[in-house]
Amino acid sequence: MRVRFPPSPTGALHIGGARTALYNWLLAHGPAAQAEAGRRGTLVLRIEDTDRERSTEANVAQIIDALSWLGLDWDEGPISQIANTPRHRMALAQLLADGHAYHSTADAEVVRAYKERHGADRGFRGTPEADGAVRLRVPDEGVTSFVDLVRGELSFPNASMDDPIIARADGSVLYNFAVAVDDLDEGITHVVRGEDHISNTPKQLLVFKALGAEPPLYAHLPMLLGPDGKKLSKRHGAASVQELRERGYLPEAVNNYIALLGTGFAPDEEFFTMDEMAQRFRLERVSRSPAVFDEQKLRHINGMHLRALPPEELTRRLEAFTGRSGLGAAVEISREKIQTLADFWPLAGFIFDGPRDDPAAFAKVVGAEGARDVLGEVRRRLAALERFDAAAVERELRAVVDARGLKPGQVFQPLRVAIAGRTVSPGIFETVALLGRERTVALIDRALSS
RNA sequence: GCCCCCAUGGUCUAGUGGUCAGGACGCCUCCCUUUCACGGAGGAGAUCGCCGGUUCGAGCCCGGCUGGGGGUACCA
């Protein structure tokens, strides 16, 4: 089995592209490839840069960086499509010579006029000219059909298809032609791509036929949509892989989530490692309907992956993410409370940089009836504590709760705001223990004197 | 306009002719350290897009309609 991922370097790698890359990766690493050849499949990375206007090296680098971050490694490539130009020209000359293609100066205007004469459902058929762009000759009758591995048989009436332009007047080839030639040359066996390519497939099939070659198998994945039901784009916030990374998501979680979007792996589970996903992945199980990208659920899945990481590993990633070091102990007491890497600093940063005061919270909680009195007693008890660990701190704080007949929150919250400056923090006992007696007492004094 | 694809709670999905349509995210209530998150116990939320048909019986099969989406570039 040979599959490919062919991004066009006209922008960053978007979530839809990452999904396509992931599914190809899963296919190549899964049991289907194994059963077919006794070893896993080969993934080819091809850069579709035939659009010279919009393709840039920076985008290529960015896409490769995003794929690497996701852990989606490839076996061959990156192959620059533009580097295959000689071969494309050769194939084009062959079709021209065979009469499968012809030069035509007909532009959109001419095509429109043609349809006015012959009916909107009649595909444009040109007459060979001496120069102009190159069009592929589509049969007048019959259908071009194929069995889509996720949708079943798809069929297109030839009569309604325009003769597609496969090369510009300057001889440079266009997408539908280059792709077919490259898929053929690279021995691609399975083309797995987005639904937006469904109507390109018959054109490419016709190119294979004109070349006298056997086409690969095709599978079209459903579209990924934004919360508004429209195609996912930058307008929906985090649309690129790079942005997801900057927002503190883990690559394993991103992979897990986008795999879930559009495939029902298992009835009751949603947490999967790459290996588990590759084992379970089946093209036939891929959903046919478009899916809405839901960041809330990504957050949830990300939290699961975060907590599944060994503490040292989580610490390493958090240190890389925040650019700080010595985070170990704080990470230990925060790991149950964060869902993304970006959640950590706002939650526990005060342990290192001191409180970031939220005046409203301060006024409300520390300024509450009896709160200062409670804080005073908490201070006395903690100051007198011999062993300053989480268990001892908890004992003292609960003693205050019991002695005064208060609710736990009436004691814990003022203390939390005193040491963190806000109502959000890791567990109060562990946090106080980590801060130590000196700093805790000083922070309480600071709150009391404010 | 034309060609094509799709349609189960707000979202992702399970379900392939016969249990009260199951799970997850989110939401609500309660508990856990009145926040955040995790975990636990409950709850609200779906006339399975609509109309016909096939069948003793349809979310599952067929047809039509409606709605959404993709394509319709000398872009990919």
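For clarity, every value in this text was computed on a predicted model and none was experimentally measured. So that the names make sense, note that chain A is the first sequence line, chain B the second, and so on, each numbered from 1.
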Side-chain donor-acceptor pair under 3.5 Å between A:Asn158 and A:Thr144, yes or no? yes

What interatomic distance, in whole Å, is found between P of B:rU72 and the corresponding atom of B:rG63? 28 Å

Whom does B:rU19 pair with, Watson-Crick or G-U wobble, provided both distances fall under 3.5 Å? none

Got a donor-acceptor pair under 3.5 Å from the side chain of A:Arg422 to the base of B:rU35? no

Pick base, sugar-phosphate or nothing for A:Glu430, based on heavy-atom distances below 4.0 Å to the nucleic acid. base

If you check the A:Lys297 side chain, which of B:rC6, B:rC25, B:rU34 turns out closest? B:rC25

Could you walk me through whether A:His197 and A:Tyr175 pass ring-ring contact (aromatic ring centres under 6.0 Å, His included), step by step? CA-CA 11 Å; A:His197 286 291; A:Tyr175 172 74; 5.5 Å; yes

When we call it a touch if two heavy atoms are under 4.0 Å apart, what does A:Val292 touch: a base, just sugar-phosphate, or nothing? sugar-phosphate

Say you pick atom P in B:rC62 and the same atom in B:rA46; how far apart are they, in whole Å? 28 Å

Phosphate OP1/OP2 of B:rU13: any A:Arg285 side-chain N/O under 4.0 Å: no

Base, sugar-phosphate alone, or nothing: which one does A:Gln339 contact when heavy atoms must sit under 4.0 Å apart? sugar-phosphate

For RNA chain B, find the residues of residues 46-61 of chain A with a heavy-atom distance under 4.0 Å and give them by number; none if there aren't any. A:Glu48, A:Thr50, A:Asp51, A:Arg54

Just to be sure I understand the rule, does A:His197 reach a base, reach only the sugar-phosphate, or reach nothing, if contact means heavy atoms closer than 4.0 Å? base

Closest to the side chain of A:Phe412, out of B:rC74, B:rU33, B:rG69, is B:rU33

From the set B:rU11, B:rU13, B:rG70, return the single nucleotide nearest to any side-chain atom of A:Asp294. B:rU11

Using the closest heavy atom to pick a nucleotide of RNA chain B for each, name whichever of A:Phe156 or A:Val179 lands nearer the 5' end. A:Phe156

Looking only at side-chain N and O atoms, does A:Gln296 offer a donor or acceptor that is under 3.5 Å from a partner on A:Arg299? no

To the side chain of A:Ser199, which of B:rU13, B:rG70, B:rC38 is closest? B:rG70

Mind checking A:Ala169 for me? I need base, sugar-phosphate or nothing, with any heavy atom below 4.0 Å counting as a touch. base

Does the side chain of A:Asn84 pick up a donor-acceptor pair with the side chain of A:Asp182 at under 3.5 Å? yes

For B:rU16 versus B:rC27, give the span between their C1' atoms, rounded off to a whole number of Å. 31 Å

Side chains of A:Gln204 and A:Asn176, donor plus acceptor under 3.5 Å: yes

Is A:Thr10 touching bases, backbone alone, or none of the nucleic acid, heavy atoms closer than 4.0 Å? nothing

By nearest-heavy-atom nucleotide on RNA chain B, the more 5' of A:Gln410 and A:Ala106 is A:Gln410

Could you tell me if A:Ser80 and A:Asp49 have a donor-acceptor pair between their side chains, going purely by distance under 3.5 Å? yes

Is A:Asn200 side chain donor-acceptor paired with the B:rA76 base, going by distance under 3.5 Å alone? yes

Classify A:Phe429 by what it touches in the nucleic acid, base, sugar-phosphate, or nothing, heavy-atom distance under 4.0 Å. base

Please state the P separation for the pair B:rU54 and B:rC60 - nearest whole angstrom. 15 Å

What I want to check is whether an N or O donor and acceptor connect the side chain of A:Lys337 with the base of B:rC36 at under 3.5 Å. yes

Determine the Euclidean distance between corresponding P atoms of B:rG18 and B:rC25; express it in Å to zero decimal places. 29 Å

So if I take every side-chain heavy atom of A:Arg398 and compare against B:rU13, B:rU33, B:rC2, which nucleotide ends up nearest? B:rU33

Quick note, A:Tyr175 side chain, CB onward, closest among B:rU13, B:rA76, B:rU35 is B:rA76

Mate of B:rC25 across any strand shown (Watson-Crick or G-U wobble, both atom pairs under 3.5 Å) is B:rG10

Atom NZ of residue position A:Lys209 - does it have more than 12 heavy atoms of other residues, nucleotides or ligands inside 6.0 Å? no

Would you say A:Thr201 and A:His220 are linked by a side-chain donor-acceptor pair, where the criterion is simply a distance under 3.5 Å? yes

What is the nucleic acid contact for A:Ser155, judged by heavy atoms within less than 4.0 Å: base, sugar-phosphate only, or nothing? sugar-phosphate

With rounding to the closest Å, how many angstrom separate the C1' atoms on B:rG9 and B:rC4? 29 Å

So what does A:Gly303 touch, heavy atoms closer than 4.0 Å: a base, only the sugar-phosphate, or nothing? nothing

Whole-Å P distance, B:rG69 and B:rC48: 24 Å

Which part of the nucleic acid, if any, lies within contact of A:Ile198, taking any heavy atom under 4.0 Å across all strands shown: a base, the sugar-phosphate backbone alone, or nothing? sugar-phosphate

What's the closest nucleotide to the A:Ile165 side chain, out of B:rU34, B:rA73, B:rC75? B:rA73

Using a 4.0 Å heavy-atom cut-off across all strands, classify A:Pro157 as base, sugar-phosphate, or nothing. sugar-phosphate

Return the nearest nucleotide to the side chain of A:Arg151; candidates are B:rC6, B:rG70, B:rG23. B:rC6

A:Arg299 side chain N/O closer than 4.0 Å to the phosphate oxygens (OP1, OP2) of B:rA37? no

Where the side chain of A:Arg416 is concerned, which of B:rA24, B:rG70, B:rU33 is the nearest nucleotide? B:rU33

Quick one: do A:Glu48 and A:Arg193 make a salt bridge, cutoff under 4.0 Å? no

Report which part of the nucleic acid A:Ser8 touches: base, sugar-phosphate, or nothing (heavy-atom distance under 4.0 Å, all strands). sugar-phosphate

Pairing check on B:rC61: which nucleotide meets the Watson-Crick or G-U wobble criteria with it, both distances under 3.5 Å? B:rG53

Identify whether NZ of Lys or CZ of Arg in A:Arg285 sits under 6.0 Å from the centre of the six-membered ring of A:Phe281 and within 45° of that ring's axis. no

Could you check A:Leu72, A:Val241, A:Leu22 and say which one makes a side chain to side chain contact (heavy atoms under 4.5 Å, CB included) with A:Leu67? A:Leu72

